[in-house]
Amino acid sequence: MTMKSMVPNTLIFLFACFSLLVNAPHLMAQQNPAAEPATEIRIGYLRAYEPQLALSVLDVPPRDEGVAGANIAINDNNTTGRFLGQSYSLDVVETKREEDVVPVFRQMLARGEKYVLTDISAKQLLSIADLAKENGVILFNVGSTDDILREQECRSNVFHTAPTRTMLADGLAQYLIWKQWRKWVLLYGSHEPDQLFADAIRRSAKRFGATIVEERLYKDTGTARRTDSGVVQVQRQMPVFTQGLPDHDVVIVADESEVFGSYVPFRTWDPRPVAGTAGLIASSWHPASEQWGGSQIQNRFVKATGRRMLGKDMQAWTAARILGEAATRTNGNDPAQIEAFIKDENFSLAAFKGQKVSFRRWNWQLRQPILLGDGRGVISTSPQEGFLHQFSELDTLGIDQPETACKLN
């Protein structure tokens, strides 16, 4: 009996397997349409950036604030997109605060970008909103909290994932009312953003039945903040500034400009809790939020960036994910179809906040829970229990439909 060697046959078999592996991608590309050249979905990100001062070095915004959140969403979109023949990219364009953004926006139009996230001032956003509409571009406001963008100057092609000042103020007010802290002192700064937040606090007090027993203005005298305001000076100044106040439950600070607010907690004449832009702060997200799957996105964010996720990161992540969800559901990159999908009354998105978020159809503001926290953790989430609404409890935060001045155009 003659035995034949199995080596030649084994080599032939291995060679055949190798050939199949090498040619598999080509064969799959011929048989699978999803392997054809991907549909590219380019998302622009227009931000006005300049280094910002803060009373504490711990509060200086990260260089990539907002952009980092958008990048995480781009990765999330691509995870799904690769199975659908879609490819997402982010084009970040920077300008300066109060600078004319029309020229750089025209350059984005020339590159064919149809979806643009904006982190610019209300004035800058309004300067490009109508130009964007003329060119079929959808804008997502991920930075500005100005209510005017959702009210008197609302636009049908501008969606807002950043909360308004009235939403933040109402979220804070509901918790204070729930705590039965109804007598407020309001300390506010001399800059326009401070005045706008102070107005929102006044509106919330009237809306939920609180009383502002006294208001005091803190004027910005133009000092060098951290360098000129040492601990000893501040320790003496703040008690004097808050001396002689009427009986009150809580001190509310309106200092978006970072002139004095962080110096108020633990330095008031009377021992009282502090809230507003210092102490207990309302925001769309908190770095310590881990409920409702929050730890999952927090861990991915930390791994990618080396820091914790902030409110503007979440606002940008949400906007980019909304676009990804719309492109997935419509299976394409048609701006008209994507806009129609987002504007559908049944649209919603899971955003790690305990309930799905959706847009208010009367001004395209994202209705969303407001997180209340200090420097260490989340204290509470609004809307608070007992604040009811005929449609959505989330609409107890901010300007509701019967109150709106928005006439979409």
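Side chains included, hydrogens not; waters and symmetry mates left out as well; all remaining heavy atoms used.
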Identify the heavy atoms of [X] and [Y] that sit nearest to each other, and give their distance.
X: Leu366; Y: Met167; result: O-CE, 3.7 Å
X: Val250; Y: Pro273; result: CG2-O, 3.3 Å
X: Ala129; Y: Arg155; result: CB-CG, 3.8 Å
X: Pro265; Y: Gly279; result: CG-N, 4.1 Å
X: Asn333; Y: Pro335; result: O-CD, 3.3 Å
X: Gln368; Y: Leu394; result: C-CD2, 3.6 Å

Under 4.0 Å between a side-chain nitrogen and a carboxylate oxygen: does that hold for [X] and [Y]?
X: Arg42; Y: Glu113; result: yes
X: Asp400; Y: Arg360; result: no
X: Lys179; Y: Asp249; result: no
X: Arg97; Y: Glu99; result: no
X: Glu65; Y: Arg307; result: no
X: Glu40; Y: Lys114; result: no
X: Asp395; Y: Arg367; result: yes

Is a side-chain donor or acceptor of [X] paired with a backbone partner of [Y] at a separation under 3.5 angstrom?
X: His286; Y: Asp374; result: yes
X: Glu339; Y: Asn157; result: no
X: Asp64; Y: Gly66; result: no

Check whether the side chains of [X] and [Y] place a donor and an acceptor atom closer than 3.5 Å, and report yes or no.
X: Thr277; Y: Asp255; value: no
X: Ser121; Y: Gln124; value: yes
X: Arg150; Y: Gln365; value: yes
X: Gln315; Y: Ser284; value: yes

Rounded distance [0.5 Å steps], [atom1] in [X] versus [atom2] in [Y]:
X: His248; Y: Ile212; atom1: NE2; atom2: CD1; answer: 13.0 Å
X: Asn77; Y: Arg82; atom1: CG; atom2: CZ; answer: 11.5 Å
X: Ile322; Y: Ile138; atom1: CD1; atom2: CD1; answer: 11.0 Å
X: Leu187; Y: Ile252; atom1: CG; atom2: CD1; answer: 9.5 Å
X: Ser283; Y: Leu372; atom1: OG; atom2: CG; answer: 8.0 Å
X: Asp146; Y: Arg165; atom1: CG; atom2: CZ; answer: 4.5 Å

Summary of ring pair (Phe, Tyr, Trp, His ring centres under 6.0 Å) pairs that have at least one residue in residues 319-360, sequence neighbours excluded: Phe159-Phe359, Trp317-Phe352, Phe341-Phe347
Give every residue pair that meets the ring pair (Phe, Tyr, Trp, His ring centres under 6.0 Å) criterion with at least one member in residues 99-138, sequence neighbours excluded.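 Residue pairs with at least one partner in residues 99-138: there are none.
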Six-ring centre of Phe208, Arg182 cation under 6.0 angstrom, axis tolerance 45°: no
State whether Tyr49 and Arg63 meet the cation-pi test: NZ (Lys) or CZ (Arg) under 6.0 Å from the six-membered ring centroid, and within 45° of the perpendicular axis.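 Cation-pi check for Arg63 and Tyr49: passes.
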Walk me through whether Thr404 and Gln401 qualify under side chain to side chain donor-acceptor pair (under 3.5 Å). CA-CA 5 Å; Thr404 187; Gln401 187 169 9; over 6 Å; no
Just wondering, more than 12 heavy atoms not from [X] lying within 6.0 Å of its [atom1]?
X: Gln296; atom1: CD; value: yes
X: Arg376; atom1: CZ; value: no
X: Glu385; atom1: CD; value: no
X: Lys343; atom1: NZ; value: yes

Any idea how Trp178 and Tyr175 line up, ring-wise: parallel (<30°), tilted (30 to 60°), or perpendicular (>60°)?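 The rings of Trp178 and Tyr175 lie parallel, inter-plane angle below 30°.
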Passes side chain to side chain donor-acceptor pair (under 3.5 Å), Gln174 versus Thr396? Steps please. CA-CA 9 Å; Gln174 286 189 13; Thr396 63; 3.0 Å; yes
Can Thr166 and Asp147 be said to form a side chain to side chain donor-acceptor pair (under 3.5 Å), step by step? CA-CA 7 Å; Thr166 52; Asp147 281 84; 2.6 Å; yes
Quick one: side-chain hydrogen bond (donor to acceptor under 3.5 Å, both in side chains) partners of Glu393, sequence neighbours excluded? none
Given the rule in the ring pair (Phe, Tyr, Trp, His ring centres under 6.0 Å) test, do Phe197 and Tyr188 qualify, once you have shown the distances and angles that lead to the verdict? CA-CA 8 Å; Phe197 189 66; Tyr188 61 97; over 10 Å; no
Stepwise side chain to side chain donor-acceptor pair (under 3.5 Å) check, Asp194 with Ser257: CA-CA 7 Å; Asp194 312 331; Ser257 304; 3.1 Å; yes
